[in-house]
Amino acid sequence: MAMASDKQANEENELLLSLPKDRGLGRGGYLHLFQDFWCPPFCFQGVINFQNHFLAKDNDVFVASFPKSGTTWLKALTFVIVNHQRFPSFEHHPLLSSNPHELVSFPEFILSHNLDDQIISLSNMSEPRLLATHLPFPSLPESITKSNCKIIYICRNPFDTFVSAWEFFTKISSVSSPALTFEEAFEKYCNGIMGFGPWWSHMLGYWNESITRPNKVLFLKYEDLKEDAVFHVKRMVEFLDTPITQGEDSTAVIENIINLCRFEKMKDLEVNKSGVIDNIVEKKNFFRKGKIGDWINYFSPSMIEKLSKIIEEKLSGSGLSFKLHS
Ligand code: PAP
C-alpha cells in the first residue's frame, strides 16, 4: 500500500522543518535545501513520494527542465511527437483545447496529494507515458535512471531564464508572500536560490548525463530550438524513435508539429488565454514574450558582469555555453 502513514507524514514534516531554508522567488515564500537542491515546500511530500513510489516503464518519456527554460514548449512538442499515432490530425489536436501542463503532468506535484489514487492513475496511463519533471538528475527516482526510459532536457541561457522567472513569480505573488524586488531576486538567483536550483548544477547534471548516456538523455537548448526548430525537432523524433510518418513527407509533418507549438499560435489559443493551472497559476502567464535576449531590457552593467562571471565560473570546462542574443 503506497499511502504514507501518519507517522511517516510527521517524520517528513520534521525533516522539512530541520532543513536549511531561504526565501525564494516563488510562491510560498521559503525554499528548503533538500538533497542539494532548493525544494519548494508545496511539493516536498510529492518529491519524496515520487522517489519512493514511482515505477518507471522502459517506454516512458520524461521532459525535464529547470523552471522557465522552455518547459511548456517542450511539453507541447514532445506530446505531439509521442502521440502522433493517437492524434494524427493537426486541425483537431488536444493541444488546441488543452494547455500543455494539463496534458503532461509533473509527478512531483501530483503525488503531493491522494497518493494511492495518483499512483493508480499513473500506472493506468496510456503508453508510452509522457511525464515531466523539474527535479535535478541526481534526485530522480532510481527507477527512472536505471530503466530504459528516455529523458529530453531543455535549458535556456541563465539571463533570460532569470527574467522569465522574475516576471512569472511576481505575477503570482500574494499579500502573504510579496514578490522580491528585481535586485533582491537577482542576488538569490546568483546564489543558486530558486526552486529546483542551483540552476548551474541542474543543467550540468543533465548535461553530463547526456554525454555519458546519449541514448538516455537528449539535451536541448531553448535558443537552438528557436533558431533551427526543424533540425532539433528531427533530433527529438530520432531520439524517441517514434514513427511520425505513414507515407507522409517527414519534413512536412515536422513543420506541422513546430507550427502547432509555435509561441504566437499557443499564446493566441482561447484555452491558454484564461483559466488556471494547479488552482494558482493563470495559464496566460506561461506565455509572455518567448524571445531570446529580452534580458537586455532588465540588466544593469554590473548585473551583466556578475552573472557572466558566475556562468563562466560554474560552467567552465563543461563544454556547455549559451547564445545570449537572437
Ligand atoms: P515552467 O517551467 O513554469 O513551465 P516555462 O514554460 O519553462 O515555465 O517557461 C516559460 C517561458 O517559455 C516564457 O518565456 P518568457 O518569459 O521569456 O516569455 C514563455 O513565454 C516561453 N514559452 C512558452 N511557450 C513557448 C513556446 N511555445 N515557444 C517558445 N517559448 C515559449
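No experiment lies behind these values; they were computed from the predicted model shown. Remember, it's 1-based here, ligands and their atoms both numbered in the order they're listed.
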- Message: Please list, in number order, the atoms of ligand 1 under 4.0 Å from a heavy atom of Gly290.
- Response: 15 (P), 18 (O), 20 (O), 30 (N)
- Message: Minimum heavy-atom separation for Thr133 and Phe50, please, with both atom names.
- Response: OG1-CE2, 3.9 Å
- Message: Can you tell whether the side chains of Glu12 and Lys7 come within less than 4.0 Å, N to carboxylate O?
- Response: no
- Interfacing atoms of ligand 1 (cut-off 4.0 Å, heavy-atom, Phe287): 20 (O), 23 (C), 24 (N)
- Message: Does Asp294 form a side chain to side chain donor-acceptor pair (under 3.5 Å) with Asn297? I'd like the steps, not just the answer.
- Response: CA-CA 6 Å; Asp294 185 40; Asn297 301 311; 2.9 Å; yes
- For Met303 and Phe186, the nearest pair of non-hydrogen atoms, with its separation, is O-CZ, 3.5 Å
- Message: Any nitrogen or oxygen of Asp160, side chain or backbone, less than 3.5 Å from one on ligand 1?
- Response: no
- Query: Please state which protein non-hydrogen atom is closest to atom 25 (C) of ligand 1 and give its distance, to 0.1 Å?
  - Reply: Phe263 CD1, 3.7 Å
- Query: How far is atom 19 (C) of ligand 1 from its nearest protein heavy atom, and which residue and atom is that?
  - Reply: Phe286 O, 3.2 Å
- Item | Proximity winner for atom 15 (P) of ligand 1, if only heavy atoms of Pro67, Ser164, Ser65 are counted | Ser164
- Could you tell me whether ligand 1 has any atom less than 4.0 Å away from a heavy atom of Lys267? no
- Message: For atom 9 (O) of ligand 1, what's the nearest protein heavy-atom neighbour? Residue, atom name and distance, please.
- Response: Lys68 CA, 3.2 Å
- Message: What I want to know is whether Gly70 and ligand 1 share at least one N or O pair that is separated by under 3.5 angstrom.
- Response: yes
- Message: Looking at Leu111, is its backbone amide N or carbonyl O close enough to the side chain of Asn49 to form a donor-acceptor pair, meaning the two atoms are under 3.5 Å apart?
- Response: yes
- Report yes if Phe168 has an N/O atom closer than 3.5 Å to an N/O atom of ligand 1; otherwise report no. no
- Query: Does ligand 1 have a heavy atom under 4.0 Å from the side chain of Glu167, from its backbone, from both, or from neither?
  - Reply: neither
- How far does CZ of Phe287 sit from CG of Asp268, to the nearest 0.5 angstrom? 10.5 Å
- Distance-only side-chain donor-acceptor flag, Asn157 / Asp160, under 3.5 Å: yes
- Task: Scan residues 218-239 for pairs that pass salt bridge (Lys or Arg N to Asp or Glu O under 4.0 Å), counting only residues two or more places apart or in two chains.
- Result: Glu227-Lys323
- Query: For atom 4 (O) of ligand 1, what's the nearest protein heavy atom and its distance?
  - Reply: His101 CE1, 3.1 Å
- Message: Just to confirm my output: which protein heavy-atom neighbour is closest to atom 27 (N) of ligand 1, and how far is it?
- Response: Cys261 O, 2.9 Å
- Message: With a 4.0 Å cut-off on heavy atoms, is Tyr222 in contact with ligand 1?
- Response: yes
- Query: Is the ring centre of Phe162 less than 6.0 Å from the ring centre of Trp199?
  - Reply: no
- Please write down residue, atom name and distance for the protein heavy atom closest to atom 2 (O) of ligand 1. Thr71 OG1, 2.7 Å
- Query: In ligand 1, which numbered atoms sit nearer than 4.0 Å to a non-hydrogen atom of His134?
  - Reply: 2 (O)
- Task: Kindly confirm or rule out a cation-pi arrangement of Lys75 over Phe286, judged by NZ or CZ under 6.0 Å from the six-membered ring centre and within 45° of its axis?
- Result: no
- Is it possible for you to check whether Lys150 lies under 6.0 Å from the centre of the six-membered ring of Phe62, through NZ or CZ, and within 45° of that ring's axis? no
- Message: To check your reading of the model: name the closest protein heavy atom to atom 20 (O) of ligand 1, its residue, and the distance in Å.
- Response: Arg288 N, 3.0 Å
- Item | Protein contact to atom 17 (O) of ligand 1 [nearest heavy atom, distance to 0.1 Å] | Arg156 NH2, 2.9 Å
